[in-house]
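Here's the structure we're looking at; comments come further down.
What's counted below: heavy atoms across the whole structure, side chains too, no hydrogens, waters or symmetry copies. Quick note on labels: first sequence line is chain A, next is B, and so on, each numbered from 1.
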Protein chains: 2
Amino acid sequence: MYKTSVARATTTSDPFNAIAEPRRRHILELLAGEERSVGDIATALEMEQPSVSKHLQVLRSVGLVTLRHHGRRTMYRTNPEALRTIHDWCGMFSQYWRGQLRRIKAHAEDKR
Amino acid sequence: MYKTSVARATTTSDPFNAIAEPRRRHILELLAGEERSVGDIATALEMEQPSVSKHLQVLRSVGLVTLRHHGRRTMYRTNPEALRTIHDWCGMFSQYWRGQLRRIKAHAEDKR
DNA sequence: CTTATACATTCCTATATGGGAATGAGTCAA
DNA sequence: TTGACTCATTCCCATATAGGAATGTATAAG
């Protein structure tokens with residue numbers, strides 16, 4: 001007999017989770033600095049349109065992309081500011097990897 | 001009638017997915033610059049030991065942490081170098097957010 | 001008004017996986 | 001050897017979610 005479990009936490013409201021999906025990273029890469037329509041993205045990445053729309057919704061819900069309606073088309077662009085959250089978080093560790101590089105370098109020089 | 005689906009791709013072999021889980025980020029934060037045992041982590045973060053072990057396995061599988069056996073204990077430490085992958089990926093967009101800041105600043109100055 | 005275009009949304013299925021509980025495995029002390 | 005510790009692993013369940021198919025909705029064109 002097993003008791004109830006809680007399963008994993010809801011995460012689609014967190015940029016870290018949003019970029020965990022490779023497809024979504026591809027979309028962001030494609031959109032980097034260039035506004036594009038949904039159909040454009042689908043064609044460029046060889047994905048089904050509904051799939052693209054759904055990924056864009058996830059990205060939008062965490063603020064990673066913004067949209068603009070233009071006639072029948074919906075133009076998306078990245079909101080790179082939202083990526084700073086993640087960039088800065090990783091940056092927390094940069095002091096350590098820099099320290100590591102120093103140690104590696106020092107070690108290499110000791111051997112000479 | 002619905003055809004077979006493929007579900008989401010396996011991701012636990014990708015640092016982006018590894019840090020998508022809040023608990024795993026907490027572990028990494030705790031380990032930042034400080035080696036710790038599994039029990040230590042569990043106590044500090046108020047998690048069950050098996051849960052910590054499993055998260056550590058995920059982090060280890062993508063190279064985000066390394067371990068060292070010391071008697072009965074297993075000491076873990078971060079491998080911050082692995083975070084550079086993510087940091088660099090976000091960095092791809094930094095030119096855009098810097099551009100955005102310039103635009104915002106310019107716009108603010110125009111209004112004065 | 002009718003039709004085509006461009007997206008968004010919904011329904012369904014299959015899969016990945018986090019947590020809980022129990023158990024296995026290795027190490028140290030007496 | 002026995003028992004206590006420290007982790008890792010396994011089994012199970014419940015949930016989140018990606019993809020496929022079909023459908024809904026809004027806009028533009030004829």
Next on the checklist: How many whole angstroms separate atom NZ of A:K54 from atom P of C:dT10?
Outcome noted: 11 Å
Item to check | Nearest-angstrom distance from the residue atom NE2 of A:H55 to C1' of C:dC7 | outcome: 16 Å
Checklist entry - What's the CZ-C1' distance between A:R73 and C:dA8, to the nearest Å? => result 16 Å
Item to check | Contact list for DNA chain C against residues 63-71 of chain A - heavy-atom distance below 4.0 Å | outcome: none
Next on the checklist: Of the options C:dG26, D:dG20, C:dG19, whose atoms approach the side-chain atoms of B:R72 most closely?
Outcome noted: C:dG26
Item to check | For atom CG of B:D40 and atom C1' of D:dC7, their distance in whole Å | outcome: 13 Å
Checklist entry - Quick check: does any side chain N or O of B:N79 sit under 3.5 Å from a backbone N or O of B:G63, one acting as donor and the other as acceptor? => result yes
Item to check | Residues B:S53 and B:Q49: side-chain donor-acceptor under 3.5 angstrom | outcome: yes
Checklist outcome for this item: Ranking C:dG20, C:dG18, D:dA4 by distance to the side chain of B:R24, first place goes to C:dG18
Next on the checklist: So if I take every side-chain heavy atom of B:N17 and compare against C:dC28, D:dA28, C:dT17, which nucleotide ends up nearest?
Outcome noted: C:dT17
Checklist entry - Is it true that the side chains of A:R23 and A:H55 contain a donor and an acceptor less than 3.5 Å apart? => result no
Next on the checklist: If you compare every side-chain N and O of A:S37 against the phosphate oxygens of C:dA6 (OP1, OP2), does one of them come in below 4.0 Å?
Outcome noted: no
Next on the checklist: If the cut-off is 4.0 Å, is B:S51 near the phosphate of C:dG18, judged by side-chain N/O to OP1 or OP2?
Outcome noted: no
Checklist entry - Between the base of C:dA8 and the side chain of A:Q57, is there any donor-acceptor pair under 3.5 Å? => result no
Checklist entry - Roughly how many Å is it from CG in A:L59 to P in C:dC7, rounded to a whole number? => result 16 Å
Checklist entry - If you group Ile, Leu, Val, Met, Phe, Trp and Tyr by side-chain heavy-atom gaps below 4.5 Å, do A:W89 and A:Y96 land in one group? => result yes
Checklist entry - Does one hydrophobic cluster hold both B:M75 and B:L67, with members joined at side-chain heavy-atom distances below 4.5 Å? => result no
Next on the checklist: Nearest heavy atom decides the nucleotide; on that basis, is B:L56 or A:Q49 closer to the 5' end of DNA chain D?
Outcome noted: B:L56
Checklist entry - Can you tell me how far P of C:dG19 sits from NE2 of B:H26, to the nearest Å? => result 12 Å
Item to check | Under-4.0 Å side-chain N/O to phosphate OP1/OP2 contact, B:Y76 with D:dT6 | outcome: no
Next on the checklist: Can you measure B:R60 atom CZ to D:dT9 atom C1' for me and round it to whole angstrom units?
Outcome noted: 13 Å
Checklist entry - Is the charged tip of A:R25 near the ring of B:F16: under 6.0 Å from the six-membered ring centre and within 45° of its axis? => result yes
Checklist entry - Given atom CE of A:M47 and atom P of D:dA18, what is their separation to the nearest angstrom? => result 10 Å
Checklist entry - In terms of side-chain geometry, is the basic nitrogen of B:E34 or B:R77 positioned less than 4.0 Å from the acidic oxygen of its partner? => result no
Checklist entry - B:E21 side chain: which of D:dA21, C:dG18, D:dA18 is closest? => result C:dG18
Next on the checklist: Pair A:Y76, A:L31 - check side-chain contact (heavy atoms from CB on, under 4.5 Å), show working.
Outcome noted: CA-CA 8 Å; A:Y76 282 87; A:L31 288 180; 4.1 Å; yes
Next on the checklist: As a test of reading the structure: which of C:dA8, D:dG20, D:dC7 is closest to the side chain of B:S53, going by heavy atoms?
Outcome noted: D:dC7
